[in-house]
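A quick write-up on the structure given underneath.
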2 protein chains.
Amino acid sequence: MADANMTTPEHGVTANRLLVDAAALFRGRGYEGTTTREISDALGIKKASLYHHVSSKEDLLYDICLAALNDVEVGAKAAVSEATGPSAKLRAMVHGHTISMLANVDFSHTMLTDMRSLSGERLEHVLQLRDTYERWTEQLIRNAQKAGEIRKDIKSRQLTLLLFNLLNWTMFWYRADGGLDPDQVADLITTLFLDGAIPR
Amino acid sequence: MADANMTTPEHGVTANRLLVDAAALFRGRGYEGTTTREISDALGIKKASLYHHVSSKEDLLYDICLAALNDVEVGAKAAVSEATGPSAKLRAMVHGHTISMLANVDFSHTMLTDMRSLSGERLEHVLQLRDTYERWTEQLIRNAQKAGEIRKDIKSRQLTLLLFNLLNWTMFWYRADGGLDPDQVADLITTLFLDGAIPR
DNA sequence: GTCTATAAATCGATAGAC
DNA sequence: GTCTATCGATTTATAGAC
């Protein structure tokens, strides 16, 4: 869902719809594979009218990446702040992250796969935000390791990479109309990450 | 590595280099974001000379997807055929898949993220090959479940999706010059998938 | 805030000489 | 098998009327 906190205050409603429609197109055909013509068609305006709301196509990608990162981070941190104990906080992170990511799957998908099309400073900024979030996650894992609730024979960095493998690729097969709702997806990821596939 | 079995016999050496160089560019800038001019520059020939070897840019993408799928399937099936027992075969699948995928990471990355740019029949063909491979993997999991070596409280379909989450996203962070070699990556994925992050 | 019209550049692909 | 030259279409973006 594209709710109010996904855009900065100075943006109007059309600019909001612009991001949502662009993200849906970018997810389906890629940023480079989507033309400004297709975006304006989706909004029901002419191509030139887009430039009243944004100053370039890349602006759309940049705003989508920032919104996607912000939503997931806000969702994860809210969930973690309500949990008590190292492994409970880790479970909460997976749950909050997954719910936010799947609620804005067009944004998350675009951010993760088309980020590379951003130029210079903008790419660096998005990468820095992503890295900061990954380090925050790694700290959750390290805390759980110190408490003896997560195995210590695999480095926290590598456990973090494996956790994001589980989280990120979900966007490629998740369908809102499919057999699983976001809560069930979050539970699956949590269960496999923590318990593994061999019976305990 | 781009070895001999990655191309069909009728292709010459230039056509082979063409695939390798194109896959590297596609991984870095995306299929839609890469121009035929960039591809010809990488080969040291003029843009028009490309069309002596391939009849369209999309041909390159199609051939890369087929080669990527074939390499991973061949690697995984060879490993599985040498293993004995349901869970040993599952471990072998992860190992063979990971080694082949990381040895041709430009090809795998391009196949998994830019497949969507294929048109009509070609997209269907690639999707069908991928689905067949996924079903073969799910059968390995089902066999291990029947033998009691894999938990039965999660459906084989969902365990398969989670396993491919672990396998596929690895392409986004694996670096040949990084701290982990393909064998270590395969062991990490196997260990987490089977045993989980909580100490046993 | 949307429109028509168009600029300026680049795209994939082709023709034909060598 | 590679080249020069070029076609026709399409691209992002701008100018200026309404």
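In what follows, chains are A, B, ... by sequence order, proteins preceding strands, each numbered from 1. All values below come from the heavy atoms of this structure, side chains included, with hydrogens, waters and symmetry mates left out.
- With sequence neighbours left out, the side-chain hydrogen bond (donor to acceptor under 3.5 Å, both in side chains) criterion links A:Arg130 to no other residue.
- Distance CG (B:Leu50) to P (C:dG12): 10 Å, rounded to an integer number of Å.
- Shown here are the salt bridge (Lys or Arg N to Asp or Glu O under 4.0 Å) partners of B:Arg135, two or more places apart in sequence or in another chain: there are none.
- With B:Arg37 as the fixed residue, the side chain to side chain contact (heavy atoms under 4.5 Å, CB included) test singles out one of B:Thr35, B:Thr34, B:Ile39: B:Thr35.
- Within the 4.0 Å cut-off from OP1 or OP2 of C:dT14, not a single side-chain nitrogen or oxygen of B:Tyr51 is found.
- Following rounding to the nearest Å, A:Glu58 (CD) and D:dT11 (P) show an atom-to-atom distance of 18 Å.
- Residues satisfying the side-chain hydrogen bond (donor to acceptor under 3.5 Å, both in side chains) test with A:Asn165, not counting sequence neighbours, are B:Thr170, B:Trp173.
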task = Scan nucleotides 2-7 of chain D nucleotide by nucleotide, 5' to 3', and note B when protein non-hydrogen atoms come under 4.0 Å of the base, S if they reach only the sugar-phosphate, - if neither.
result = BBBB--
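- With salt bridges taken as basic N to acidic carboxylate O contacts below 4.0 Å, one links A:Arg122 and A:Asp59.
- Between the side chain of B:Asp114 and the backbone N or O of B:Tyr31 there is at least one donor-acceptor pair closer than 3.5 Å.
- Salt bridge B:Glu134/B:Arg157: present, at least one basic N to carboxylate O contact under 4.0 Å.
- Proximity of residues 24-41 of chain B to DNA chain C (heavy atom under 4.0 angstrom from any strand atom) is restricted to B:Thr34, B:Thr35, B:Thr36.
- Every side chain to side chain contact (heavy atoms under 4.5 Å, CB included) that A:Glu73 has, sequence neighbours left out, goes to A:Lys77, A:Tyr133.
- Distance A:Lys57 NZ to D:dA13 C1': 12 Å, rounded to the nearest Å.
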